[in-house]
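Labels below follow one simple rule: chain letters A, B, ... track the order of the sequence lines, proteins then strands, and each chain is numbered from 1. The figures that follow rest on heavy atoms only: side chains count, while hydrogens, waters and symmetry mates do not.
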Amino acid sequence: MSDSANFEKLHKGVKRWIWNQKWASLRDIQEEAIVPILNADSDVIISASTAAGKTEAAFLPACSKIVDQNPDGIGILYISPLKALINDQYRRLQGLCDILDISVTPWHGDVSRSLKLKQQRNPNGILLITPESLESLLLNQGSWTLKAFSNLCYIIIDEFHEFIGSERGCQLQSLMHRLEFLLQKTIPRIALSATLGDMEQVADYLRPNHKIPFKIIESTASHSDLKIQLRGYLSPHEQNEEVPSSFEKITNDLYSILRGKSHLVFANSRARTEDIAVTLSDLCEKSFVPNEFFPHHGSLSKEIRESLEARLQKESLPTTAVCTLTLELGIDIGKVTSIAQVTAPHSVASLRQRLGRSGRRGEPSILRLFIPEQEITKSSHLLDRLRVHTVQCIAMINLLLKKWYEPAPTNQYHLSTLVQQTLSLIGQYGGVHATQLWALLCESGPFSSIDQPLYVAFLRALGEKDLITQASDGQLILGAKGERLVGHYSFYTAFKTPEEYRLEYHGKILGSVPIDKPLVESQQIVFAGKRWEVKSIDHEGKLIILKKAKGGSPPTFSGDGLFVHDIVRQEMRRVYHNRSIPIYLDEEAKSIVYEGFEYYHALNLDDIQVFQSGKTVFIAPWLGDQITNTITILLKLNGLLASCFGGFIEITNSTTDEVHDVIRNIIESPKLTATEIANYIPDTILEKHDYFLPKAIRDIGYGARSFNIDGAYSCLNDIAK
DNA sequence: GACCTGCTGCGGATTG
C-alpha cells in the first residue's frame with residue numbers, strides 16, 4: 001500500500017481488513033473515492049464495469065467515517081434494485097463489518113420478521129434495502145424512520161444505471177428527497193454505476209435540484225480485448241424437411257460451439273429463450289450426453305433461477321444459460337467464456353452490459369451474434385431485402401466500439417408515480433396541504449415538469465376518484481378508496497405487474513404465465529426448458545397443473561415494444577452508404593449484407609427518402625422509433641393509411657405525389673403538440689395508476705413519453721425540401 | 001417484435 005496516498009486516511013480497522021485481503025494495492029476508483037467520501041460534502045458517482053471493486057470503493061471510506069463518528073442509529077443506507085444483490089452484498093460485507101464491529105442488516109420482502117424487529121428495536125450500522133421496502137418504512141413508520149436515520153451519514157445506491165429514466169427511478173428520487181425532508185438535512189449520495197454514457201446526466205438524475213456539488217470517479221482501467229463474430233443464417237423461403245430452417249442451423253451451431261464450457265445465450269424474448277433451451281437440451285439427449293443448457297427468465301420460479309445461478313457460480317460443470325435480460329443485471333454468477341446473441345440486440349447499452357459478463361481473468365471477451373434473415377423472393381419485403389437486422393447489428397457494434405450508449409429519456413412526467421408519491425406522503429403525515437405537497441414533490445422534488453395549475457387539476461382528479469378528500473381545516477387526507485389502495489401491500493411498487501397463472505408439476509411451482517394469454521387443457525407447451533402437457537386449469541386459484549409430454553412450443557408471454565434510438569438508425573445509414581463489410585462477418589453474413597448494400601444503392605436511398613413500390617409508398621426517415629412513430633401518426637391524422645415497422649413508414653394505396661402533398665400540408669399547418677397528438681390515441685393507460693387520471697391529464701404524460709414533435713417536424717421539413 | 005424489478009400485518013398453529 002506504499003503507493004497509496006490516501007490509504008492512511010482510512011480507519012485502522014478498515015486498513016486491517018485490507019491487509020487481511022492481501023491486496024497488493026487499491027484499485028484506481030478505490031483510491032480516488034477515499035477523500036471525497038470522507039469529506040462527505042458532495043455526492044459521488046463511482047463508475048466502472050462489473051467486478052472492478054465499486055462496492056469496496058464506496059464502503060471502505062464510508063465505514064471508516066461511521067466507525068470514527070460512531071453515530072447513534074443507522075449510519076449508511078444502501079439501496080439496491082434487486083433482493084438477490086442485497087443478499088450478495090450482505091455476505092460480502094460481513095468480514096469488514098465484523099472487524100469494525102458494526103452491524104449489517106438486509107431489509108426486503110424475503111427477510112424474516114425477527115431480523116427486522118431486532119433492527120427496529122436497536123437501529124444501527126448499515127441497512128441494505130429495496131426502494132419498495134423504504135417506501136413502506138416512510139409510509140408506515142415515519143416516526144421510527146426519523147429517529148433511526150437521524151444520524152445517517154450516506155445513502156449508497158447500487159446499479160444506479162438500472163434506475164435512470166424509469167418509474168422506479170423516479171420513485172427512488174422521490175424517496176431520497178422525502179427522507180432528506182423528514183431529517184431536515186442533506187445526506188451525501190453515492191451512486192455505483194456501470195460506465196454507460198454521459199456521466200453528467202447521471203449526476204443530474206442523482207440529485208435533480210443540485211443542492212450540493214458532485215464528484216465523478218470513473219475507472220481508467222481499460223476493458224479486456226474483445227473478439228466479435230457475426231454469423232448470418234438464411235431461412236429458406238419454403239419450409240421443407242430437407243432444407244433446415246435458420247433456427248435449426250443456429251441451434252445446431254450453438255450446440256457444437258458452446259458445449260463443454262460455460263456461456264450465456266441472449267435470445268431477446270422469453271418464448272425464444274425457451275425454444276432454444278429445449279432444442280439444445282433435446283440435442284444433448286439425442287447424443288446421450290448430460291444436458292448443460294438451461295433457460296433463465298423472469299417468468300421462471302425463483303428456485304429454478306437460483307439453482308441455475310448457483311450452478312454457474314460453482315464453475316464445476318459446463319453450463320450454458322439461455323436467458324433474457326435477467327442475467328444482464330448484477331447478480332453474481334462469475335464470468336463465462338463467451339456471449340452468444342441470437343437476433344439483433346435492442347440497444348447498445350444492453351449489448352455492452354452483456355459483454356461485461358464474459359472474459360475470465362486476462363481472457364478476451366467473446367461475442368458471437370447469430371442473425372437470421374429471410375431468403376429473397378419476388379414478394380420479399382423491403383426490410384428483408386435491405387437486410388436491416390444484420391445492418392443494425394453492425395451499426396450497434398460500431399457504436400459500441402466508439403463507446404456511445406443510448407442516453408436515458410428526460411423530461412418525463414411520471415404521473416402514475418406522482419399518484420403513488422402523493423398518496424404515500426398523505427398517508428405518512430396523516431394530512432397535508434396541497435401547497436406543501438407541490439412544494440415537496442414538484443418544486444424541489446423530482447416531478448419538476450409539473451407546474452402548480454397542473455398539480456391542482458391532478459389533485460382534483462384524485463378527489464373525484466375518492467382517493468383523497470379535503471378535511472375541514474383544508475388539509476388533504478386519504479379518501480376511502482385511497483385508504484384501501486395505500487393499505488394493501490401492492491402499493492409499494494411504482495411499476496405495474498400483470499396477473500398471472502402459476503404452473504405446477506408434482507406440487508412444485510415452475511413459474512408463471514400471463515393471464516391474458518391463456519393456455520387450454522391438453523395443450524402442449526415448453527417451459528423451464530422441458531416439454532409439458534396442460535393436465536388441468538384451476539381458474540379460481542389461478543393454477544395450471546402440468547404433466548410431462550414430448551411435443552409443444554413455448555407459451556405466449558406479454559410485453560411492450562422497445563425503442564431503437566435515432567443514433568443507431570443514422571449509423572445504419574452510414575453503414576449502407578460506406579458499403580464497408582466488417583471483417584468479423586462470416587461468409588454467409590458477408591453475402592447477406594452485400595445483398596442489402598446492393599438493394600440500398602439500387603433504390604438510391606442515399607438521396608431519396610420517399611419512394612414507391614406498387615401501390616405502397618415507403619418513407620425512410622433513418623431515425624429512431626419515437627420520431628418514426630410520431631411521423632406515422634401525423635400522416636394518419638391527415639388521412640393516409642400509414643404504419644411503421646423497423647424504422648420504415650409504409651403507406652398503402654397511395655402515391656409519392658399524394659404523400660408529398662400531405663407532408664407539405666402538415667408542415668404548413670399549425671404545429672401540433674405532443675399532448676394534442678396523444679388526444680387522438682384512444683387508449684393512453686400505460687402505467688400503474690394512469691387509470692385514476694382523466695384522459696386530458698394522462699395525455700400530457702403519454703405525449704411526452706411517446707412522441708418527439710420537434711424531431712418529427714424537422715424530418716418532414718427535410719423531406720419537403 | 002416485445003426485457004426486468006417488488007411487497008405488510010395479522011391471525012393461528014406449532015414448537016421449545
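For the pair Leu300(A) CG and dC3(B) P, the interatomic distance rounds to 13 Å; values are reported in whole Å. We find that CG of Leu325(A) is positioned 12 Å from C1' of dA2(B), with the value rounded to whole Å. Residue Asp384(A) contributes atom CG, which lies 13 Å from atom C1' of dG1(B) at whole-angstrom precision. For the pair Glu159(A) CD and dC4(B) P, the interatomic distance rounds to 16 Å; values are reported in whole Å. In this structure, Phe247(A) places its CZ atom 16 Å from C1' of dG1(B), rounding to the nearest Å. What separates NE2 of His389(A) from C1' of dA2(B) is a distance of 13 Å, to the nearest Å.
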task = For each nucleotide in nucleotides 5-11 of chain B, reading 5' to 3', give B when a protein heavy atom comes within less than 4.0 Å of its base, S when such contact involves only the sugar-phosphate, and - otherwise.
result = BBBB-BB
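Under the side chain to side chain contact (heavy atoms under 4.5 Å, CB included) criterion, Thr684(A) pairs with Ile681(A), Lys695(A), Arg698(A), Asp699(A), Tyr702(A), not counting sequence neighbours. Under the salt bridge (Lys or Arg N to Asp or Glu O under 4.0 Å) criterion, Arg168(A) pairs with Glu132(A), not counting sequence neighbours. Remark: Arg357(A) pairs with no residue by the salt bridge (Lys or Arg N to Asp or Glu O under 4.0 Å) rule, at least two apart or across chains. Considering only residues two or more places apart in sequence or on other chains, Trp107(A) meets the ring pair (Phe, Tyr, Trp, His ring centres under 6.0 Å) condition with none of them. The side chain to side chain donor-acceptor pair (under 3.5 Å) check on Glu500(A) picks up Ser512(A), with sequence neighbours excluded.
For dA2(B), the OP1/OP2 oxygens have no side-chain nitrogen or oxygen of Arg270(A) closer than 4.0 Å.
Ring geometry for Trp622(A) versus Phe648(A): interplanar angle over 60°, hence perpendicular rather than tilted (30 to 60°).
Among the heavy atoms of the strands lying under 4.0 Å from Arg272(A) are primed sugar atoms or P, OP1, OP2 only; no base atom is included.
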